[in-house]
Q: 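Quick one: this structure, given as structure tokens, is what I'll be asking you about.
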Protein chains: 2
Amino acid sequence: MPAETRATYHHGALREELISASVSLIEAEGIGAVSLRRVAREAGVSPGAPYHHFADRAALFAAVIVRGSALLESELRQARAQATSGVEALGAFVRTYVRFAREHPGYVHLMLRPELSHPDRHPDAAHAGEGSIDLLTAAVVDCQREGTAPPGDPMPAVGLVWALAVGIVTLWLDGPLQERCVDVGTTPEVLTAQITALLTGLMSGSAGRA
Amino acid sequence: MPAETRATYHHGALREELISASVSLIEAEGIGAVSLRRVAREAGVSPGAPYHHFADRAALFAAVIVRGSALLESELRQARAQATSGVEALGAFVRTYVRFAREHPGYVHLMLRPELSHPDRHPDAAHAGEGSIDLLTAAVVDCQREGTAPPGDPMPAVGLVWALAVGIVTLWLDGPLQERCVDVGTTPEVLTAQITALLTGLMSGSAGRA
DNA sequence: CTCAGATTCTGAACACCGTATAGATGGGGG
DNA sequence: CCCCCATCTATACGGTGTTCAGAATCTGAG
């Protein structure tokens, strides 16, 4: 079943291996090195083979995103289960996302480049992250129950925490945050305090509607 | 001097027009539609012509980034001049960045995709954003003088504000923030409160070193 | 004004890319 | 057992980044 000049004519698990090969290739040589032909070559098949499993290149990348989002969501769910309060869960989410991006940069690089997966044509990729957003929303609602987030529409707070995580991850993957700043992923109590402060800011401002 | 089947054999200002055409093309058809040949065609010139002004495709995109960063920096400088405190300046920075991304998405899309400009091979693009970071750092130092940011290394606070801005802009350009959340760019007092709260969190935590 | 040299652009070429198609291969149901 | 059909190969087409020889034009020195 593995690659490496396989013996059988049929691959057996080409679809899954194309997804894995994409992730590995991004992590080894960067997103700029990823092409359908290259991924196929890496899996030991001809350039046309992927088209029996994916409609086009964007569909392959959409499948990578679906897999990565499921992985991330399960880690986020685990992080929330270990948290003892909504605010703690939010801090854990950001830390978990940053750690996930460091451990699986291939998935995250693709998640952050929607032009490669054409979410408008591949709705499964567009909706892949919704489970994670639901978790985030639930944690914000917990905060509202605990009085640590303003009542009303939780979406502004969700968007802000989400943006903070995406920003940290982006700057991390691109390099500048690694070079200039402290490793935010390994200082949980500081980050939790920052998330708390963020929600406090949301509370003190006239948020909820704007 | 304009494009559109020019009369003269020599273009006259091809370098600048290639940069502008890149930005326009991104804004009109998205980053996926941008290729060197297409940009050259848009400027009314043969595929080989750009190579007399740029070493390769990445060099053209690096020049776009340099121009966009200068534009952004001047707007950030203006925002800081109008602020009456360090914290207010930080809020103004984030709002200005978000507004800039909405008004000039072509520049920002390229700034957020370093694999297209190869910053390692084109150091001018790598250092293009440093002026803006210096402004951000100066504002954080102002906060430290005002007692609204913790003393010591300002970089953790700089990184956090920077990440927040990048995250909001990324989610905005990619769509999800537009669909789900409130327009954070038009609610200055709320955002300022959030930045204040962020710095308060940095202060209360054991920040500065980690 | 003339004309040589440097600069800018064209057009053809190369390898690689995404994608489509026709045909070879072989595993699974009658 | 054998035929069907999903899977894979081989090949082809247009588009892309890049190179290069040569044509067109600008420049400035005489």
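Sequence lines set the chain letters: A, B, ... in the order given, protein chains first and strands last, and positions in each chain run from 1. Please read these numbers as outputs of a predicted model, since none were measured by experiment.
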Q: For A:Arg38 and for A:Gly48, locate the closest nucleotide of DNA chain C by heavy-atom distance; then report the residue assigned to the nucleotide nearer the 5' terminus.
A: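 Final value for this comparison: A:Arg38.
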
Q: Would you kindly give the CZ-to-P distance between B:Arg41 and C:dC9, to the nearest whole Å?
A: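 After rounding, the gap between these two atoms is 18 Å.
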
Q: Looking at B:Ser46, I'd like to know whether one of its side-chain N or O atoms comes within less than 4.0 Å of OP1 or OP2 on C:dG11.
A: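 So the side-chain polar atoms of B:Ser46 never come under 4.0 Å of the phosphate oxygens OP1 or OP2 of C:dG11.
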
Q: Rounding to a whole Å, what distance do you find between A:Leu36:CG and D:dG14:P?
A: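 So the two atoms are 20 Å apart, to the nearest Å.
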
Q: Over how many whole Å does the gap from A:Glu115 atom CD to C:dG18 atom P extend?
A: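 Distance check: A:Glu115 CD to C:dG18 P gives 14 Å.
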
Q: Quick check on B:Gln78: does its CD atom have over 12 non-hydrogen neighbours (other residues, nucleotides or ligands) under 6.0 Å away?
A: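 Not more than 12 within 6.0 Å, no.
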
Q: Measure from CG on B:Leu116 to C1' on D:dT16 and round the result to the nearest Å.
A: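 So the two atoms are 14 Å apart, to the nearest Å.
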
Q: Return yes if some donor-acceptor pair links the side-chain N/O of A:Gln144 with the main-chain N/O of A:Pro150 below 3.5 Å, else return no.
A: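 Side chain of A:Gln144 to backbone of A:Pro150, a donor-acceptor pair under 3.5 Å: yes, one is there.
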
Q: Both A:Ala49 and B:Tyr51 contact DNA chain D. Taking the nearest nucleotide for each, which residue is further toward the 5' end?
A: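 Result: A:Ala49.
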
Q: In whole angstrom, what separates B:Arg57's CZ from D:dG15's P?
A: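 Between P of D:dG15 and CZ of B:Arg57: 17 Å.
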
Q: Rounded off to whole Å, could you give me the CZ-to-C1' distance for the B:Arg37 and C:dC14 pair?
A: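 It works out to 11 Å between those atoms.
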
Q: Would you mind reading off the distance between B:His118 atom NE2 and D:dG17 atom P, rounded to a whole angstrom?
A: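 So the two atoms are 12 Å apart, to the nearest Å.
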
Q: Less than 4.5 Å apart, any side-chain heavy atom of A:Arg95 and any of A:Thr192?
A: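 Yes, their side chains come closer than 4.5 Å.
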
Q: Any chance you could lay out the side-chain hydrogen bond (donor to acceptor under 3.5 Å, both in side chains) test for A:His122 and A:Asp56, step after step, and finish with the verdict?
A: CA-CA 10 Å; A:His122 299 284; A:Asp56 52 12; 3.3 Å; yes

Q: What's the closest nucleotide to the B:His52 side chain, out of D:dC8, C:dG18, C:dC9?
A: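 Closest nucleotide among those given: C:dC9.
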
Q: Should A:His53 be listed as having a side-chain N or O under 4.0 Å from OP1 or OP2 of D:dC8?
A: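 For D:dC8, OP1/OP2 do have a side-chain N/O of A:His53 under 4.0 Å.
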
Q: Given atom CG of B:Leu60 and atom P of D:dT18, what is their separation to the nearest angstrom?
A: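 One finds 10 Å between P of D:dT18 and CG of B:Leu60, rounded.
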
